[in-house]
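Because only heavy atoms are used, hydrogens play no part in the values below, and waters and symmetry mates are left out as well, while side chains stay in. Worth saying up front: this structure is predicted, and the values here are computed from it rather than measured. Numbering of ligands and ligand atoms starts at 1, following listing order.
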Amino acid sequence: MEHHKNQPSTVILVTGARGQIGTELVAALRKVYGRKQVIATDLHDAAAIPDQQRPYHQLNVLDKDDLESLVVTYGVTQIYHLAATLSAKGEEAPLKAWHLNMQSLLNILEVAKDHKLDKVFWPSSIAVFGPSTARKISPQDALLDPQTVYGISKEAGEQWCAYYREHYGLDVRSLRYPGLISYSAPAGGGTTDYAVAIFHEALQNGSYECYLNPDTALPMMYMDDAVRATLELMNAPKEALKERGAYNIGALSFTPAELAIALKMHIPDFTISYNADKRQSIANSWPAGVDDAVARHDWNWQPEYDLTAMTKDMFDHLEPVYKNSNAATMS
Ligand code: SER
């Protein structure tokens, strides 16, 4: 990607920068805008962060004063707000998840409004859908009836983003991410995490016990596509973006059994077993896929990775890691 020489004043703050999405999005944003233009923030202690991953600040995004002071100090012009509690973890402490997900978003929106930021990105999720949506493929304008506190916070968040857009002219943009698959940082606390864990367990132990049933199809996406979607949405002309809520974006839809077959192409002896837990009922409330025709129309969304390409890329990146660490353990 080219460095945008015509945008010298863009300064981006990313929350949740050490998470599954943040790790890759920060790297992608720094390629476009330059390292120093992207301020990474998360809960981790700044002392532990290597120089090449700075600028980095420890930030609890529930602390609005700290957030505001970073925005002022750095002259921040855009925020990507990724910090959140995901679906499965949220069910363990619903009020805590609600507080984190909602209050942090409201802090970001308020600071963005008060300091007249250019743009805000905030991710919504397939968790906004519930039992009333079409099981196979959920339309953009489905009735939202989320069954998890995470999903309720995403539905309410979509409304708050629209409110700030309509009442204060804030340019806030949003995507409904499907389950995201990546090798750089672990997924955490979600219902779709099995699709990441399976690679690590397969390479480490040759087997995986899945907490979802074999035929549970869910919408998924490779991280490269998700990062590209995010950058493309944020760079799209404002007039083209007609969707009031967050855009559906689709790429993959597969079941654990189908992913296991794709993985066997690389690890022929791999075995999978199934032992469904509480996450099964969350997965049952979500559709198998989403209709993303509106995103394709408004800002030309196109996924690139299918199941075969995603599985190969995950394997190619993770196999050397485990080969080296298995060799080190045996010697
Ligand atoms: N990956 C998320 C989860 O499982 C869905 O947005 O919670």
Side-chain angles (χ1 to χ4, degrees), residues 16 19-25 80-94 96-98 100-102 104-105 121-131 133 138 142 144-158 161 174-199 210-213 216-227 229-230 233 245-256 259 276-290 292 295 303 305 310 314:
Q20 191 199 6
I21 302 170
T23 303
E24 308 221 11
L25 193 57
Y80 288 65
H81 175 38
L82 307 176
T85 299
L86 296 194
S87 60
K89 187 149 180 250
E91 295 309 285
E92 290 165 17
K96 199 172 160 206
W98 174 258
L100 172 67
N101 292 0
M102 292 319 302
S104 68
L105 174 61
F121 176 78
W122 173 79
S124 185
S125 160
I126 51 157
V128 293
F129 301 121
T133 195
S138 180
L144 305 183
D145 57 347
Q147 303 291 293
T148 60
V149 71
Y150 172 68
I152 302 172
S153 75
K154 291 297 183 187
E155 181 195 10
E158 287 192 17
C161 289
S174 186
L175 298 171
R176 289 174 182 152
Y177 286 136
L180 297 180
I181 300 156
S182 65
Y183 54 84
S184 296
T191 301
T192 57
D193 294 5
Y194 89 84
V196 176
I198 192 172
F199 285 92
C210 186
Y211 56 79
L212 296 181
N213 290 329
T216 312
L218 288 170
M220 299 277 189
M221 181 178 287
Y222 197 39
M223 187 62 84
D224 291 45
D225 274 340
V227 166
T230 308
L233 175 76
Y247 282 96
N248 282 6
I249 44 166
L252 310 169
S253 171
F254 58 77
T255 65
L259 179 54
D277 69 14
K278 283 191 210 150
R279 288 168 281 192
Q280 184 66 48
S281 64
I282 299 178
N284 288 347
S285 75
W286 292 348
V290 299
D292 60 5
Y305 283 82
M310 178 279 285
M314 282 291 282

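Looking only at distances, a side-chain donor or acceptor of Thr216 sits under 3.5 Å from a matching main-chain atom of Asn213. Asp277 places no side-chain N or O within donor-acceptor distance of the main-chain N or O of Leu212, the cut-off being under 3.5 Å. Looking at Ser184, its side chain never comes within 3.5 Å of a backbone N or O of Glu24 through a donor-acceptor pair. Side-chain N or O atoms of Asn101 include none that pairs as donor or acceptor with a backbone N or O of Ser153 at under 3.5 Å. Gln20 places a side-chain N or O within 3.5 Å of a backbone atom of Leu180 that can act as its donor or acceptor partner.
Considering backbone and side-chain atoms together, Asp193 places no N or O closer than 3.5 Å to any N or O of ligand 1. At least one N or O atom of Ser87, backbone or side chain, sits closer than 3.5 Å to an N or O atom of ligand 1.
Atom 4 (O) of ligand 1 has Thr191 N, 2.6 Å as its closest protein atom, hydrogens excluded (heavy atom only). Looking only at heavy atoms of the protein, atom 2 (C) of ligand 1 is closest to Thr192 OG1, 3.9 Å. Of the protein's heavy atoms, Ser125 OG, 2.6 Å lies nearest to atom 6 (O) of ligand 1.
Between Arg176 and Glu158 there is a salt bridge, since a side-chain N of the basic residue sits under 4.0 Å from a carboxylate O of the acidic one.
Contact annotation: for Trp286 versus ligand 1, heavy atoms closer than 4.0 Å belong to the side chain alone.
Against a heavy-atom cut-off of under 4.0 Å, Leu86 is close to the following atoms of ligand 1: 7 (O).
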